[in-house]
Amino acid sequence: MTALRLAGTFLRIGILNELQYRVNLVFSLVQSAIAVGTSLAVLALVFGNTDSLRGWSAGELLVVMGVHVLVGGLIRSVIQPNMQQLMEDIQRGTLDFVLTKPADGQLLVSVRRVQIWQAVDILVGAALVVVAVVRLPATPGVLDVLAFAAALALGAVSIYCFWLLLTTLAFWVTRLDPLVELFEGMYQAGRWPVSVYPGWLRIGFTVLVPLAFAVTVPASALTGRSTGWLLLGSVAFTVALATVTRLAWRHALRRYSGASA
Amino acid sequence: MNGLPGLYATVMKAAVQTQFQYRTANYAYMLGMVAEPVVYLVVWSAVAESRGGSVGGITAGEFAAYYIVWTLVRNMNIVLTPYAWEDRIQQGELSGMLLRPVHPIHYDLAFFAGWKVVVVLLWIPIALVLSVAFRPTFDISALEAVVFLVAIWGAYLIRSLLLWALGMITFWTTRVSAIYDVYFTAELLLSGRLVPLALLPAWAGGLADWLPFKYTFGYPIEVLAGSLSTRELLTGLALQAVWIGFGAALVAAVWRVGIRRYGAVGS
């Protein structure tokens, strides 16, 4: 309960801070429009040449793209800003200020920053998903929508864990900024369902970079693909990953020597 | 060596040494970049397969060749980002550059050219792995190889000059990200970076012919991975020269007007 209240307070302060820069909303909107436009152009090019891509129709791929934009917005508004701040604090030794506070360190480093204007993509992605789903021949039932919501939440947690795992590397390696680029490059691959990729890449995008759980599984729930086992797998994977991340975080903290030590 | 050639030699050498120090960072950066063409390649191979082997006359093996050459051309294409101008102008870094006796663009051209030496060395293993994984089909003549070696530097110059000119918009406004986004999106779609230009609808392909973008991506890639006639190979080089001339003139013109707007920090 305290944890939730703490996270809520941090988020509120973060949002208030960002509200000072309202013009940025316009830029986020332009950026979002360009990105979605490009994605639609690519879809049009691909489906000008074929009716289905490894079993996915154009409408179903639009659902995947919507989820990809939505999760992308979540990453850029909440996850990535916090992780970049954490990298910087480890480099400079200013993580001291977090560790001396009487609350859980992992919680604090995960909720300190929020870039609210990037959250435009969450809304745009959600809108895309709704439009795409309405146009599908088979409307998903209530259970499908619930499965979608659950899969999305699990996917978000696994992406967060993956990011935090990458960031804890900063305790050993100091220059990590290319990792951000590396992740962004990899994340682009999630625009397509992982089943499009050849076997070795599909395994990589499922286990190493959890794109499958963050994007493909939620989209599968809405497009009438069997989800019972997938969802169970997603739960198991997320729990395992969260445990590993927690252990890695605690182990990594021992490496931290602080600013003045 | 004295004069401009001496400057280029020295700055390039310094760039090679600096960038070798950051080889891990360089590698992570390059690996992140490989995801982009691999995604395009996988998608278009799947489309080719669903159509019984080829799309618009391009087979899976030819797509593989296209996107593997893409990775080299893309690396050659990395030049000073227009976003760098924000720091240069806001923090007054440009002041130091203005004190030197040559036009500042020479430092950027030389520095990024030197960086390419490191990049190409690091690129070779990536290309080998991609070739084993995706089995490209190549058919390269001696002339194509020679034209390619010239064309990648042509592409480098065109993109350097155009992005330099674009970056100078920062002299007038710092709200540049939307303008850059539009530019980079047009480039993505109309250069051959996203898909081989042959797959675009006719009107878009016709538009691309009149823009510089294709001479920085599609043309050099197709020199090696496509089957251009001797005439097309040489016309491409000539048009690259035209765009280099245009870019140089643009940089010179914008620089003359823009630099008057520059008020250094501390002055």
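A note on names: the letters A, B, ... follow the listed sequences, proteins ahead of strands, and every chain is numbered from 1. These numbers were taken from a predicted model, which means no experiment stands behind them.
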Do you know which of A/Val196, A/Asp51, A/Ile34 has the most heavy-atom pairs with chain B at a distance under 4.5 angstrom?
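Heavy-atom pairs under 4.5 Å are most numerous for A/Ile34.
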With respect to chain B, which residue among A/Met186, A/Arg191, A/Arg54 yields the maximal number of heavy-atom pairs within a distance under 4.5 Å?
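Option with the greatest count: A/Arg54.
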Side-chain donor-acceptor pairs of residues 25-39 of chain B under 3.5 Å, sequence neighbours excluded:
residue, atom, partner, partner atom, Å
B/Asn26, OD1, B/Trp115, NE1, 3.3
B/Asn26, ND2, B/Gln19, O, 3.1
B/Asn26, ND2, B/Gln19, OE1, 3.2
B/Asn26, ND2, B/Tyr22, O, 3.4
B/Tyr27, OH, B/Leu122, O, 2.7
B/Glu36, OE1, B/Arg193, NH2, 3.0
B/Glu36, OE2, B/Tyr40, OH, 2.8
B/Glu36, OE2, B/Arg193, NE, 2.9
B/Glu36, OE2, B/Arg193, NH2, 3.4

Residue by residue, scan residues 42-69 of chain B and write down, ordered by number, those that have a heavy-atom distance under 4.5 Å to chain A; if none do, write 'none'.
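Hits under 4.5 Å: B/Val42, B/Val43, B/Trp44, B/Ala46, B/Val47, B/Glu49, B/Ser50, B/Arg51, B/Val55.
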What parts of residues 178-185 of chain B touch chain A if we use heavy atoms and a cut-off under 4.5 Å?
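When heavy atoms of chain A are the reference, residues 178-185 of chain B contributes B/Ala178, B/Asp181, B/Val182, B/Thr185 within the under-4.5 Å range.
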For A/Val46, is it the side chain, the backbone, both, or neither that has a heavy atom closer than 4.5 Å to a heavy atom of chain B?
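Both the backbone and the side chain of A/Val46 come within 4.5 Å of chain B.
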Region of A/Leu53 in contact with chain B, defined by heavy-atom distances below 4.5 Å
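The answer is the side chain of A/Leu53.
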Give me the contact list for residues 14-28 of chain A versus chain B, heavy atoms only, anything under 4.5 Å, ordered by residue number.
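Checking residues 14-28 of chain A against chain B gives A/Val23, A/Asn24, A/Phe27.
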Would you mind checking which part of B/Leu188 comes under 4.5 Å of any heavy atom in chain A, side chain (CB onward), backbone (N, CA, C, O), both or neither?
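Side chain of B/Leu188 only, per the 4.5 Å heavy-atom cut-off to chain A.
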Is it true that atom CG of B/Asp87 has more than 12 heavy atoms of other residues, nucleotides or ligands lying nearer than 6.0 Å?
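Yes - once you tally the heavy atoms of other residues, nucleotides and ligands closer than 6.0 Å, there are more than 12.
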Can you tell me how far OG1 of A/Thr38 sits from CG of B/Leu194, rounded to the nearest 0.5 angstrom?
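Here the interatomic distance stands at 8.5 Å.
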